[in-house]
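Following: one structure in structure tokens, then a few remarks.
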Amino acid sequence: MIRTVLTGATGRMGATLQRLVHDAPDLELVGATARGQAAQLGSLGVPAGDDLGRVLDAARAQVVIDFTSAEASVTHARQCAERGVALVIGSTGFTPEARAEVARSAASIPVVLAPNTSVGVNVVIRMAAELARVLGDGYDVEVLEAHHRMKKDAPSGTALKLAEVLAAALGRGQEDLTFARHGQVGARPKKEIGVQTLRGGDVVGEHTVFFYGEGERIELTHRATSRDQFGLGALRAARWVTGRAPGLYDMADVLGFPRAT
Ligand SMILES: NC(=O)C1=CN([C@@H]2O[C@H](COP(=O)(O)OP(=O)(O)OC[C@H]3O[C@@H](n4cnc5c(N)ncnc54)[C@H](OP(=O)(O)O)[C@@H]3O)[C@@H](O)[C@H]2O)C=CC1
Ligand SMILES: O=C(O)C1=N[C@H](C(=O)O)C[C@H](O)C1
């Protein structure tokens, strides 16, 4: 049994993961954390609280699954590194500096950092890169994402990953990404990759890549209708990362895909 700790266990993903770990034959929940609502975790019967370090000291964990926030995940990565515990991070909203801090922790433990743990989305990311390579510069590329009204970061981590992978496939850079348009923006620069955000209701997560050509367009869409696929992918990542060599990995590594970027 893989001894597993969940951070953010009271959250939307945390609640999903509690159920999935409970149902998994090869994973055992040995600890849990939350922030303001940590008192709710008492009924789990495992070490719990608002401090991952203390929970890890009591739990003899092998892996932590972390869906909280980028800020919290940086601290969690440091706490795991200090104790030699493997880590799966699903949190999004990382600044380049926060990501670099996680990479520093990953020098001493294995870390999977994945803005989207659904297998389907990762297949779409791969297909999007392939389409971009085949279609080349003759098509205008736009990424559209939609999420529930409670989501804090924008654009989604998945949309950013798609944009990064598309830019790499087309030989473009960060300077070609445009995150919003308003006012007299002028004609669309040929190399621009637009990333647009919608927020509302209970949308679990939707991403579309548009390739707009002359007289045709191609749309590649993933729609999540439940959080279970994110959770099942995170469990797959937890099994894969436990016992690995230190390093910063992503879902492409977990799924055995060649790295897109
Ligand atoms: N990789 C993927 O496939 C997916 C990624 N996500 C990402 O996962 C993250 C969480 O999403 P979601 O579950 O919807 O968010 P929620 O707001 O529902 O849950 C966040 C959880 O994290 C806890 N938390 C926040 N800050 C801290 C902290 N400093 N220390 C400990 N616990 C903390 C909260 O505790 P409390 O409630 O007590 O404050 C809560 O339990 C987001 O970044 C989201 O974008 C979401 C879905 C899929
Ligand atoms: O916050 C969410 O809900 C989600 N966040 C991830 C992201 O930012 O890409 C993944 C998923 O679409 C749900």
Side-chain angles (χ1 to χ4, degrees), residues 5-20 31-42 44 48-56 64-80 87-95 98-99 102 111-122 124-125 143-165 195 197-208 221-238 249-251 254-255:
V5 165
L6 296 178
T7 58
T10 55
R12 281 174 288 272
M13 279 305 298
T16 303
L17 284 159
Q18 277 194 48
R19 173 171 48 79
L20 294 175
T33 76
R35 188 179 40 179
Q37 300 178 59
Q40 284 183 18
L41 301 173
L44 292 175
D50 62 4
D51 182 73
L52 178 62
R54 272 195 223 141
V55 169
L56 288 179
V64 170
I65 305 179
D66 178 43
F67 284 71
T68 51
S69 68
E71 199 189 3
S73 293
V74 166
T75 305
H76 292 155
R78 206 177 308 125
Q79 290 168 317
C80 286
L87 176 61
V88 175
I89 299 177
S91 309
T92 57
F94 282 86
T95 60
R99 200 186 143 86
V102 171
V111 178
V112 174
L113 177 60
N116 200 311
T117 44
S118 130
V119 173
V121 158
N122 285 281
V124 165
I125 291 171
V143 177
L144 176 66
E145 62 100 340
H147 284 85
H148 53 95
R149 64 165 75 91
M150 301 305 288
K151 184 163 176 61
K152 291 183 182 133
D153 56 313
S156 69
T158 311
L160 289 171
K161 177 76 180 177
L162 277 163
E164 185 189 323
V165 161
V195 183
T197 294
L198 304 178
R199 289 286 176 269
D202 61 357
V203 179
V204 174
E206 301 187 356
H207 295 88
T208 299
T221 295
H222 180 273
R223 289 186 218 287
T225 52
S226 137
R227 291 185 172 80
D228 280 20
Q229 289 305 326
F230 305 137
L232 288 167
L235 263 50
R236 190 161 165 174
Y249 303 102
D250 65 17
M251 279 307 282
V254 174
L255 300 173

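Atoms within a ligand are numbered from 1 in the order they appear, just like the ligands themselves.
On a distance-only criterion, A159 and ligand 2 share no N/O pair closer than 3.5 Å. Checking only distances, T158 does come within under 3.5 Å of ligand 2, N or O to N or O. Backbone and side-chain nitrogen or oxygen atoms of R227 are examined, and none is located within less than 3.5 angstrom of a nitrogen or oxygen of ligand 2. The shortest N or O to N or O distance between K151 and ligand 1 is under 3.5 Å.
The protein heavy-atom contact nearest to atom 45 (O) of ligand 1 is T92 OG1, 2.6 Å. Of all protein heavy atoms, the one closest to atom 3 (O) of ligand 2 is H148 NE2, 2.9 Å. At the top of the distance list for atom 5 (N) of ligand 2, counting protein heavy atoms only, stands K151 NZ, 3.1 Å.
Not a single heavy atom of G93 sits closer than 4.0 Å to an atom of ligand 1. Distances from ligand 1 to the non-hydrogen atoms of T117 include at least one value under 4.0 Å.
With A70, G231, G90 as candidates, the residue nearest to atom 6 (N) of ligand 1 on a non-hydrogen basis is G90. Across P115, A224, S118, heavy-atom proximity to atom 10 (C) of ligand 2 is greatest for P115. Taking each of G233, A224, P115, G11 in turn, the one with a heavy atom nearest to atom 2 (C) of ligand 1 proves to be P115.
Residue contacts with ligand 2, taken as heavy atom pairs separated by less than 4.0 Å, involve H147 solely via side-chain atoms from C-beta onward. When heavy-atom distances to ligand 2 are checked against a 4.0 Å cut-off, M13 has no atom that comes that close, whether in backbone or side chain. Proximity of V204 to ligand 2, defined as any heavy-atom pair under 4.0 Å, is confined to the backbone N, CA, C and O atoms.
Shortest non-hydrogen contact noted between L162 and V143 is CD1-CG1, 4.2 Å.
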